[in-house]
Amino acid sequence: MDNFVVYILFSKSSGKTYTGMTSDLITRFHFHNTKSTKGFTTRYRPWILIHVEFFKSKKEAMLREKELKTGKGRDWIKQFLLPHYKL
């Protein structure tokens with residue numbers, strides 16, 4: 001049985017966050033920090049993992065990822081997660 005993960009990355013150097021979904025978090029995290037050659041995450045390296053949520057279905061994970069990418073979700077990230085990581 002596969003597990004799906006919604007994750008949030010944070011770049012201390014830029015203050016940016018990135019929200020994503022995967023079934024292989026370790027490989028995906030490594031890709032964001034070293035393997036990717038283009039895209040949003042390449043510009044703000046290095047990334048640290050600040051939040052993970054596990055789901056039994058891809059559909060549930062996709063819904064949560066979509067929710068976190070809304071204004072309400074971004075506000076939740078800023079209010080409850082980022083204060084623990086910003087300098």
Side-chain angles (χ1 to χ4, degrees):
M1 181 171 79
D2 289 329
N3 284 316
F4 294 90
V5 177
V6 173
Y7 60 93
I8 301 172
L9 305 178
F10 177 65
S11 168
K12 284 187 176 186
S13 62
S14 67
K16 301 277 186 189
T17 61
Y18 177 84
T19 302
M21 189 269 303
T22 186
S23 60
D24 185 354
L25 182 59
I26 293 170
T27 301
R28 190 72 180 127
F29 180 71
H30 183 66
F31 187 83
H32 283 304
N33 272 323
T34 60
K35 298 288 185 182
S36 182
T37 58
K38 59 182 177 178
F40 179 82
T41 59
T42 60
R43 292 177 276 191
Y44 304 109
R45 289 177 179 157
W47 293 97
I48 60 170
L49 183 67
I50 63 168
H51 186 72
V52 177
E53 296 178 15
F54 295 91
F55 298 89
K56 292 183 181 179
S57 75
K58 186 175 183 178
K59 183 178 179 179
E60 289 175 303
M62 289 174 70
L63 287 171
R64 179 61 172 153
E65 178 190 19
K66 187 175 180 179
E67 178 183 17
L68 288 170
K69 289 181 174 182
T70 66
K72 185 177 177 181
R74 287 190 304 270
D75 288 345
W76 180 83
I77 292 167
K78 288 176 188 171
Q79 184 177 1
F80 293 104
L81 297 180
L82 291 185
H84 301 286
Y85 295 95
K86 288 197 172 184
L87 298 176

Trainee: Taking atom CG of L25 and atom CG of N3, what is their separation to the nearest 0.5 Å?
Mentor: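 Here the rounded value is 11.5 Å.
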Trainee: How long is the span from the CZ atom in R28 to the OG1 atom in T41, to the nearest 0.5 Å?
Mentor: 6.5 Å
Trainee: Heavy-atom distance under 4.5 Å between the side chains of T42 and T37, does that happen here?
Mentor: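 The answer is no, as the side chains (C-beta and beyond) never meet within the 4.5 Å cut-off.
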Trainee: Can you hop from V52 to L68 via hydrophobic side chains spaced under 4.5 Å?
Mentor: no
Trainee: Give me the atom names and distance for the closest heavy-atom approach of M21 to V6.
Mentor: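 Taking M21 first and V6 second, the nearest heavy atoms are CG-CG2, 4.1 Å.
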Trainee: Do F80 and H51 have ring centres separated by under 6.0 Å?
Mentor: no
Trainee: Taking the side chain as every heavy atom from C-beta outward, state whether L9 and L49 have any atom pair closer than 4.5 Å.
Mentor: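 L9 reaches L49 side chain to side chain.
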Trainee: Between atom NZ of K58 and atom CD of E65, what is the distance when rounded to the nearest 0.5 Å?
Mentor: 10.5 Å
Trainee: Compare every heavy atom of Y85 with every heavy atom of I48, then report the nearest pair and how far apart it is.
Mentor: CD1-CD2, 3.8 Å
Trainee: What's the separation between atom OG in S13 and atom CZ in R43, rounded to the nearest 0.5 Å?
Mentor: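 Spacing of OG (S13) from CZ (R43) equals 12.5 Å.
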Trainee: With a cut-off of 6.0 Å (strictly less than), are more than 12 heavy atoms of other residues, nucleotides or ligands near NZ of K69?
Mentor: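 Yes, because the 6.0 Å sphere around NZ of K69 holds more than 12 heavy atoms from other groups.
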Trainee: So F40 and Y18, would you call those rings parallel, tilted or perpendicular, with 30° and 60° as cut-offs?
Mentor: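 Answer is parallel, since the angle falls under 30°.
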Trainee: F4, M62: one ILVMFWY side-chain cluster at the under-4.5 Å cut-off?
Mentor: yes
Trainee: What I want to find out is whether E60 reaches R64 closely enough, with some N-O distance under 4.0 Å, to be called a salt bridge.
Mentor: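 The answer is no: the pair does not qualify as a salt bridge.
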Trainee: So do the side chains of K35 and H30 get within less than 4.5 Å of each other, counting heavy atoms only?
Mentor: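 Side chain of K35 against side chain of H30, heavy atoms only: contact under 4.5 Å found.
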Trainee: Take the angle between the ring planes of W47 and Y44 and call it parallel below 30°, perpendicular above 60°, tilted in between.
Mentor: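 Perpendicular.
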Trainee: Let me confirm one number: the CD1-CG distance from I50 to L81, rounded to the nearest 0.5 Å.
Mentor: 5.0 Å
Trainee: From F10 CZ over to K16 NZ, what is the distance, rounded to the nearest 0.5 angstrom?
Mentor: 11.0 Å
